[in-house]
Amino acid sequence: MEPMDISKTFDPTQIEKKWYAYWMERHYFVPAEETDIKPFTILIPPPNVTGILHMGHVLNNTLQDVIVRYYRMLGKPTLWLPGVDHAGIATQNMVEKQLADQGLDRHILGRDKLVELIWQWKHEKGDRIIEQLKQLGCSCDWSRQRFTMDEMLSRAVKEVFVSLYEEGLIYKGKYIINWCPRCVTALANDEVEHDDEDGKLWHIRYPEVDGEGHVVVATTRPETVLGDTAVAVNPRDERYRHLIGKDLHLPLTGRRIPVVSDDYVDMGFGTGCVKVTPAHDPNDFEIGRRHDLPQLLVMDEHGIMNATAGHEFEGMERYACRRKVVEMLAAQDLLEKVETHKHSVGHCYRCDTVIEPYLSDQWFVAMKPLGERAIEVVESGEVKFYPERWTKVYMHWMHNIRDWCISRQIWWGHRIPAYYCLACDHMIVAKKMPHTCPRCQGSSFRQDEDVLDTWFSSWLWPFSTMGWPDETEDLKRFLPTDVLITAPEIIYLWVARMIMSTLKFRGVIPFHTVLLHGTVRDEIGRKMSKSLGNSPDPIDIIESVGADALRFSMVFSTPKGADVFYSDAMLETGRNFANKIWNAYRFIMMNAEQVAGLPAKDKLVMELADRWIYSRLQQVISESREHYEALRLNDAGQCLFQFIWDEFCSWYIELAKDRLYQSDDAGKRLTVKYILLDVMQTAMRLLHPIMPFITEEIWQSVKMLFPMPEESLIIAAYPEADSSLIDLAIADEMALVQESITAIRNLRKQVNLSPASEIEITIKVSDDRQNRLFQQYHAYLNKLARVNQAYVGTTLSKPPQSIGAVVRNVEFYMHLSGLVDIVAEKERLGKQMEKLTKELTAIQNKLANDNFVQHAKAEVVDKERAKLAEVNTKANLLRQQMENLG
RNA sequence: GGGUGAUUAGCUCAGUUGGUUAGAGCGCUACGUUGACAUCGUAGAGGUCACUGGUUCGAGUCCAGUAUCUCCCA
């Protein structure tokens, strides 16, 4: 390759397509067969089939890909198992919306036709998000891609349902659900939108049966009085204790209802008496259960009052009924008062109708028996959460676990495998439609109309995707998997349930580690959402700055599971970094043309900077390994960013230039060329998990010049640190040089000397080692601080007309040529003196404090003393300089 | 209402078992086209660590309370 053909800025589009195709052709993402090495496995949280890639997916899948690629490089057979979720309600809604545009609705179409339409849609457009994940660089094993409605997964769903039913852990019962009377359908919790509204609070009198008194209850929905079956008070409430167990007259109905005691009642709210309507309020439903109260449904599925409400109200719309109830109460002097009241009201997300809590037949899973083992495995540490604090959230939910309502009144999903005999209504739960009714010998059946909650297929993901209930090779090999990476919002919905199901049906944990990451927000902290329009399209970003830049920015900005604040500035971090790497590569290639016969590593003529960069490289290798393994991906990113940008580019490459351009020693030139290629190549491997495309591109191209086997692949190994190359003495010397260069640059700045002007420096060192160091490497000062002439010695003193700085115990004096602004300089020094004095006082006070000297650890005290000496030296120098200025 | 977490520079965040002059990136200011990179370089300014009390020789760090906010569940 002609080096000058390499473009000045990094152009990702071409190379991303090229290398993804290359990886696919070579089956990189398929775990190696025939090996005894324990594989590394990650299950994807399956995105919705309707989904298009958003920033949340980018974060989630980038983190997974980084980890998977890291373990692949460690030589493990690695499986990232991908798939898509059928997302019952969301998908059906989307297709129904399309129908609506054509003036159709599902009732006209019928169930079979609608389901057929959705499948058709899935085949045509459903897997768009999969293509987008590929653009992001995700290294999933696409040959194992699953869909929650696949035959394989449906089999598992039926198997589990039937098995839990037979064990008595699935049952049919009554439950309060959110019901939209206009759409005539049940709504999931997340389909109900809550708004705070100004409503009214009606205070109603319920007369006592024995005695003259009454209690007052407050309600926002007076029509539900008709369905009351009790009044509840708090057992500790002195005001009402005498009423517990007594009866009240329920207004307008002629019924008598008891007073019950329940902890749920808030003594401080309203009058402390609560009317209980078990069939029309979720909290009342729970109270009703505890006290075995009747559940009276007083309206029908359209929100029209029924016969149970009483003949005066039957047939009335719910709000008309509300008005009539209020009128009648007032007429009977049972209305104590009416207040305005702000409260939260649930609305149908589709039609905005006020939802009605509604009692209906539903299917449940009894969760308590499944929860016990799931608690144990987290307590014992078999399953760990990162960050750890989520363990508490998980435990809290598990200890208060409730039965899971798994039926949904929609059409898209796994239909409940329960069949009813048309002749005698006998119910049979079975994997297939039965032939004969065991009770009446009838032979015609209808299947339950409901489908299962989408999570009922997702919770089986760890083994349903691997072919269970068959004992497949994949099951034996890949379960338990290793790390699950997901958002904390679905700890309950998904993570906990997978732990329970996998323990129940496989007897093992599904994964040993759960990594929870934050939410992607916009610059002002809002969640990214379609409706706010604050979510950029990741594909646009990839097309403009590249997947690597996006990936790096995401990884870099997601510390310890905290939220990610997406902004253009944040994206620039990755874009600039990719460009920086690209230009370092470009520079190296420009100078690498003739590096044909490189010297063997042990024949290299290495000097300070060379030994230093190798030493640092080894440390960075170890650190990055530790970070990747501890799942601190942002730390891995930061550590590599800092090494490549600051240490390799800003220091090493800059120092290498002298030898490349000016040295007439061929051995020196060869050494530096070798090291540039070697460090670059190693750094590309370190960074490959985070930025796979650019690192592969550079790897492949450097490989042609660098002495390594032609077939060696970037993924073939994650570098291992060679501790023999770590040299702390060298590191210390280099640090001194670096600090010195910074100090000299500062001196320049202080007197406003242009960085281009050449200067003379007197360096007073305090020992021979330092003397040798500065004699030998004054070229470094020349290159990076434009020190034209350096006088080094142990006995030198401050030259006239100079300003000084101290680094450790080395004094630097920059020779001035009479260009200094005396007044400004004095002011600056005065300010510095003030700061030093303050610090000095603090240390002296500390050391004068007997308590400190006696109680603190010896090393802390020693450190304090050393500091005192250092600060004193600085102060003396400063004083001298101030005197010099007159 | 129950639970959980947070509060450090203009912004986003580090700060490991209490022990430097509380750090980084971005932004801002000044200067700079030094033969990879202006998507760059060098330097600078900027903080009562939310508030109140406590423990300690010593608190951003530990404890209690207050305030404000986040998220999950109801």
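A note on names: the letters A, B, ... follow the listed sequences, proteins ahead of strands, and every chain is numbered from 1. These numbers come from a predicted model, not from an experiment.
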>> Taking the C1' atom in each of A38(B) and C31(B), what is the distance between them to the nearest angstrom?
In response: 14 Å
> Would Y674(A) and F706(A) count as a close aromatic pair, with their ring centres under 6.0 Å?
Replying inline: yes
> What's the shortest heavy-atom distance between M398(A) and M500(A), and which atoms?
Replying inline: CE-SD, 3.8 Å
>> Between A50(B) and A9(B), how far apart are the two P atoms, rounded to whole Å?
In response: 8 Å
Pairs under 3.5 angstrom, nitrogen or oxygen only, protein versus nucleotides 17-22 of chain B, please.
residue	atom	partner	partner atom	Å
U20(B)	O3'	K867(A)	NZ	2.8
U21(B)	OP1	K867(A)	NZ	3.3
U21(B)	N3	E839(A)	OE1	3.3
U21(B)	O4	E839(A)	OE2	3.4

> When Watson-Crick pairs (N1 to N3 and N6-O4 or O6-N4) and G-U wobble pairs (N1-O2 and O6-N3) count only below 3.5 Å on both distances, what is the dot-bracket string of RNA chain B, with | for other-strand pairs?
Replying inline: (((.(((..((((.....[...)))).(((((.......))))).....(((((..]....)))))))).))).
> Looking only at heavy atoms, which two atoms of D281(A) and N283(A) are closest? And how far apart?
Replying inline: OD1-N, 2.9 Å
>> Distance check needed: C40(B) P versus F10(A) CZ, whole Å only.
In response: 15 Å
>> From CZ of F587(A) over to P of C37(B), roughly how many Å is that when rounded to an integer?
In response: 10 Å
> Can you check whether F285(A) and Y175(A) have ring centres sitting under 6.0 Å from each other?
Replying inline: yes
> If you check every side-chain atom of K657(A), which of C40(B), A36(B), A74(B) has the closest atom?
Replying inline: A36(B)
> Which pair of heavy atoms, one from I176(A) and one from H280(A), lies closest together, and at what distance?
Replying inline: CD1-N, 3.8 Å
> Which nucleotide sits closest to the side chain of N583(A): U39(B), A36(B), U34(B)?
Replying inline: A36(B)
>> Between A14(B) and A30(B), how many Å separate the two C1' atoms, rounded to a whole number?
In response: 28 Å
> Rounding to the closest angstrom, what is the interatomic distance between C63(B) and G10(B) at atom C1'?
Replying inline: 33 Å
> Quick one: Q638(A) CD to C26(B) C1', roughly how many Å, whole number?
Replying inline: 13 Å
>> List the residues meeting ring-ring contact (aromatic ring centres under 6.0 Å, His included) with F10(A), not counting sequence neighbours, and say none if there are none.
In response: W582(A)
Review item, side-chain donor-acceptor pairs of residues 641-648 of chain A, under 3.5 Å, at least two apart:
residue	atom	partner	partner atom	Å
E647(A)	OE1	R616(A)	NE	3.0
E647(A)	OE1	R616(A)	NH2	3.0
E647(A)	OE2	R616(A)	NE	2.9

> Does a sphere of radius 6.0 Å around CD in Q14(A) hold more than 12 heavy atoms from other residues, nucleotides or ligands, not counting ones at 6.0 Å or beyond?
Replying inline: no
> Is Y661(A) stacked on the base of G35(B), with ring centres under 5.5 Å apart and planes under 30° apart?
Replying inline: yes
> What pair of heavy atoms forms the shortest contact from K275(A) to D284(A), and how long is it?
Replying inline: O-OD2, 3.2 Å
Below 3.5 Å between N/O atoms, which protein atoms pair up with nucleotides 2-7 of chain B? Just atom names and distances, please.
residue	atom	partner	partner atom	Å
G5(B)	OP1	K392(A)	NZ	3.2

>> Using a 6.0 Å cut-off, check whether atom NZ of K384(A) has over 12 heavy atoms from anything other than its own residue.
In response: no
> Any N or O donor-acceptor pair linking the side chain of E654(A) to the base of A36(B) at under 3.5 Å?
Replying inline: yes
> G3(B) and U61(B): how far apart are their P atoms, nearest whole angstrom?
Replying inline: 25 Å
> If the P atom of G58(B) is compared with that of U4(B), how far apart are they to the nearest Å?
Replying inline: 32 Å
> What pair of heavy atoms forms the shortest contact from A547(A) to E16(A), and how long is it?
Replying inline: N-OE2, 2.6 Å
Between N or O atoms, less than 3.5 Å apart, protein on one side and nucleotides 41-44 of chain B on the other: list the pairs.
residue	atom	partner	partner atom	Å
G41(B)	OP1	W645(A)	NE1	2.5
A43(B)	O3'	N746(A)	OD1	2.8
G44(B)	OP1	N746(A)	OD1	3.4

> Taking the same atom, C1', in A67(B) and in C73(B), what whole-Å distance lies between them?
Replying inline: 24 Å
>> Taking the six-membered ring for Trp, are W179(A) and Y358(A) closer than 6.0 Å centroid to centroid?
In response: yes
> Which whole number of Å gives the distance between the C1' atom of A64(B) and that of U70(B)?
Replying inline: 23 Å
> Going through the checks in order, is the side-chain hydrogen bond (donor to acceptor under 3.5 Å, both in side chains) test met by Y780(A) and S740(A)?
Replying inline: CA-CA 10 Å; Y780(A) 289 7; S740(A) 304; over 6 Å; no
> More 5' along RNA chain B: T573(A) or A578(A), using each one's nearest nucleotide?
Replying inline: T573(A)
>> Tell me whether K657(A) forms a cation-pi arrangement with F587(A), defined as NZ or CZ under 6.0 Å from the six-membered ring centre and within 45 degrees of its axis.
In response: yes
> When you measure from the side chain of C649(A), which nucleotide among C72(B), G25(B), A36(B) comes out closest?
Replying inline: A36(B)
